[in-house]
Structures are given as C-alpha cells and as structure tokens.
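The figures that follow rest on heavy atoms only: side chains count, while hydrogens, waters and symmetry mates do not. Note on naming: letters A, B, ... go to the chains in the order of the sequence lines (proteins, then strands), and numbering restarts at 1 for each one. Note that the structure is a prediction, hence the values are computed from the model and not measured.
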There are 2 protein chains.
Amino acid sequence: MSKISKKIVERLIIYRRCLIRSSVNSNNTHIFSHQLAKKSGASSAQVRRDIMGLGYSGSPAYGYEIKSLVDSIGKFIDPVKREKIAIIGLGNLGKAIVDYFNKQSLEMEIVAAFDTNPEKVNRVLMGCKSYHIKEMKSIIKEYDIQTAILCIPSINAQEVTDELIESGIKGILNYAPINLNVPLNIYVENLDMIAIFEKVSYFARKNNK
Amino acid sequence: MSKISKKIVERLIIYRRCLIRSSVNSNNTHIFSHQLAKKSGASSAQVRRDIMGLGYSGSPAYGYEIKSLVDSIGKFIDPVKREKIAIIGLGNLGKAIVDYFNKQSLEMEIVAAFDTNPEKVNRVLMGCKSYHIKEMKSIIKEYDIQTAILCIPSINAQEVTDELIESGIKGILNYAPINLNVPLNIYVENLDMIAIFEKVSYFARKNNK
DNA sequence: TACTGTGAACTCCTTCACAGCG
DNA sequence: CGCTGTGAAGGAGTTCACAGTA
C-alpha cells in the first residue's frame, strides 16, 4: 500500500477531480479507464495501473464505480481532519493565492498569513487573518499548521524556511525561485512560475518536439 | 543537439538562474559541478550530464566558466527575439501574474491581456494593455504572439484554447484545473495550484516518504 | 464482446565509477 | 590529487499484450 510514487499521487489527485466533475455533469455512475484517461490526459493503461495501486477494483462489464473510487482516492490522499495552511508573503501573488484557494470549498483552508509590512497585518482576507511575521512561530504552533505556502522574495526565503521548520511545518510549497535547504523529512515543492513559462516558450518554439 | 528532454530543459533553466545569481553575489568566474548541484538541488553527475548535452565543456582544474556557460544555455533555450506573451483572464490571479512577470526584467513580457468583463478592458497594468476577448484573435496575430497564459475558469478553458490555437498560439501555460485537448504540435503545461498543494500536503503528512 | 488486472518488455532518467587530464 | 566527461549499470515510469471475466 505504501509504494505509491510522487507521479502516481499527482495523477490520483487529477483523477479525483475529473471523477467529481463528471459525476456532477452527467448522471453516469460508472466510468471506464479509457474515459477517465481522456479526461485526465493519462493513458488508459496508466489509469488502470494507478487505480490498481490503490487496491481498488473495477468490473470489466461496467468499469469503475465513480462514487466509491472517489472515496478510495480520498481515503488514500486526504488528511483525516480539515487542513489548515499558512501563507508567508502578502504581495500581489500571495493575496491572489489566498483568494484563489479560499474561494473554493476544499478540505483545506489558508487560515493565517504573515508579512513584514505593517500595513498588511491585522487584516482579514477571505477568512484568512494576517499577522506580522514575528508572530509566525507562535501562531503556527497554536493552530497546529503542518504546511505552508512561501511567496516572498528569494533573498529571505531560506531564513524564513528555517523558522517554518522550527515552528513544526512539514511541507512547503515554494514560489520563490530558489532551492531551499531542508532536512530530509521536510517536503518541499518548488513552483517557479518564470522557469515553467520559459519551458513552455521553449517547447512552443520547437513545436512540442 | 536535439535530444534534450523536458527534464533537462527544466534543469538548464534552473542552472542558469543559479549561475547568474552566483556571479552577481560573488566574484568567482568559475564553478564546479558539485557547487552548481548544491545551489540547484540536482546531483553533480546530473549537472555534468546536462551540460554535456549542451556540447559545452568545462575544465577539470577550474570547473565551468560561469559567463560562457550562461551564454551556452541562453543560446540553447532563449528565443531569438524578445518574447511577447498574452494572458487570458484578469481575475486576481491573472493580475498578480502580469505584475509578477513584468516586474522582472526578463527576455519576455506579457504585452496583451484579455477578459470578458467590460470593466477590465482598455486598461494598462505594468505595461500590459487589456482588451475584450472578442479582439483576441486579431491582437494576437498583430503582435505575433506565440505563447499564452490561461487564467480563466475551467468551464471556458477549452473553448478559449481552441480560439488561441486558431490565432496561431503554439504554447499554453494553463492555470485552469482541466485537461485541454490540443493538436500534437501545440505544447500545453498544466499548472494546477490546488492539485500541487494537495500533493505537498500528502507528502508533508507522510514525512516526505 | 469489451473491459479489467497485470506480468513482461520497453523506454527514459539517474547514478555509479573510473579513465583521462591539468 | 580532485575535477570533468562518459560508458555502463541500475532504477523508475510507461506501455504492451493478453488471460480472465461478466
């Protein structure tokens, strides 16, 4: 059960989104691997293999039962209780992310934001309260927050990361374009929007070759 | 020269960023593979292999000459002329992205934005003019824009994508959480921020196992 | 008949390990 | 020496192809 790779987790999350959308948009109760493949952008063999990894089984006659497959993925992926998230940095990007996340009703919510700018603290945006960064450690511990989104300039990113780890954070989604040094038990995902765009531009010019 | 995979392109972009930063922050003219590895988060063998793919050579005594390596990567990755980008959707996220991209002085710029909301058109944000989406096709052709950033609700994403392709767009950075159907010669990169965060949350709970 | 579940093959990516060199 | 460049090994991820099944 535990040998589920990063790639498979990524796809399971996408499958679930597709399944939920298709159960809302149609009243089909079942779906075949090739249909889910089409919707998600994966191959049908991959869909079957990934679902196999969950221990879930479909039927050759009807395919997968959407509702129970969604539950199986959820049981595997989701936290037991509602996830509380912190965000560091309330520049335009940080604010847009708070808005974007908290607008959707997900099993997760950005509950606390931190910034150094006095004008940005002690406000509330989409249910998220903002604090001065010097309060970060105590607030994160108080709320028992496990994951953080980092939206600050690269120059401060390592320093703030060290504090986040001291505060008990276990996962970081890092928008700063810099590699963070962290202990092995901390998960960091780098999301460098400029670098990703440069890649798109490169392959666009090469006609996706 | 042409067998450079997606993964290698991603890392070359990161290496270049690290090299430029380190030539600004110190006055070293050379760098060893293990130093660049540390800065970029790759392994030293990977750094050497990726650079080998460029056809660039370092010296065992001094490592790689930073300036000429940056040039080699640029010659490989960069467009010949300054890249013009379109963005579709001027919600909070779209606006933040325009601001974030155009604040940096890069070899690329978001020059045109499109939205359906009349209040959002005919404005200028960070050098980017906004238009009603019905003008999209003509403006994209006029500016000869090759790549677009899609920041609109999933429900409209496929329809707008089809129009983008008709307009001559070759690459799309898609922030909408949906798989787009496009011809094989069009490059699409999906950037589903919620899905990425769900992954961070999952691996944070598993202690990065 | 058309699907799932899956061993086996295959392709792609990463790391090892060492010859060659300044 | 300690580095680069690289053949070869190893590992991860994907696809093939087909037996089993309703």
Study note, to complete from the structure: Protein heavy-atom contacts under 4.0 Å, written 5' to 3' over nucleotides 8-13 of chain D as B (base), S (sugar-phosphate only) or - (none), form the string B----S
Review point. Which letters describe nucleotides 17-22 of chain D, given B = protein heavy atom under 4.0 Å from base, S = only from sugar-phosphate, - = neither?
Key: B--BB-
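In this structure, CZ of F32(A) is placed 6 Å from P of dT4(C), rounded to the nearest angstrom. With rounding to whole Å, L69(B) atom CG is found 11 Å from dT4(D) atom P. Summarising the geometry, the separation between CG on L36(A) and P on dG5(C) is reported as 13 Å, rounded to the nearest angstrom. H34(B) has its NE2 atom 9 Å from the C1' atom of dG2(D), to the nearest Å. For the pair I8(A) CD1 and dT14(D) P, the computed distance is 8 Å after rounding to whole Å. If you take CD of Q35(A) and C1' of dA2(C), they are 12 Å apart, rounded to a whole angstrom. Protein atom CD of E10(B) is 10 Å distant from nucleotide atom P of dC13(C), rounded to whole Å. In this entry the distance linking CD1 of I31(A) with C1' of dC3(C) reads 14 Å, nearest Å.
Atom NZ of K39(A) has 12 or fewer neighbouring heavy atoms from other residues, nucleotides or ligands inside a 6.0 Å radius. The number of heavy-atom neighbours closer than 6.0 Å to NZ of K75(B), taken from other residues, nucleotides and ligands shown, is 12 or below.
Counting only distance, with no hydrogens or angles, the side chain of S23(A) and the backbone of I20(A) share a donor-acceptor pair below 3.5 Å.
Heavy atoms only, all atoms of each residue included: F114(A) and A86(A) are closest at CE1-CB, 4.0 Å. Here the closest non-hydrogen pair linking L90(B) and G94(B) is CD2-C, 4.4 Å.
For S57(A), no side-chain nitrogen or oxygen approaches OP1 or OP2 of dT4(C) to under 4.0 Å. Contact check, S33(B) against dT4(D): a side-chain N or O comes under 4.0 Å of OP1 or OP2.
Between Y56(A) and Y64(A), the ring-plane angle classifies as tilted under the 30° and 60° cut-offs. Using a 30° and 60° split on the angle between ring planes, H30(A) and Y62(A) fall in the tilted class, from 30° to 60°.
Under the 3.5 Å distance criterion, with hydrogens and angles disregarded, a donor-acceptor pair is assigned to the side chains of N174(A) and N190(A). Side-chain atoms of D50(B) and Q46(B) form no donor-acceptor pair, as typed in the model, at a separation below 3.5 Å.
Taken residue by residue, residues 184-196 of chain B places no heavy atom nearer than 4.0 Å to DNA chain D.
The pair D99(A)-K103(A) meets the salt-bridge criterion, with a side-chain N (NZ, NE, NH1 or NH2) lying under 4.0 Å from an Asp/Glu carboxylate O. The pair E142(A)-K84(A) does not meet the salt-bridge criterion, since no charged nitrogen lies less than 4.0 angstrom from a carboxylate oxygen.
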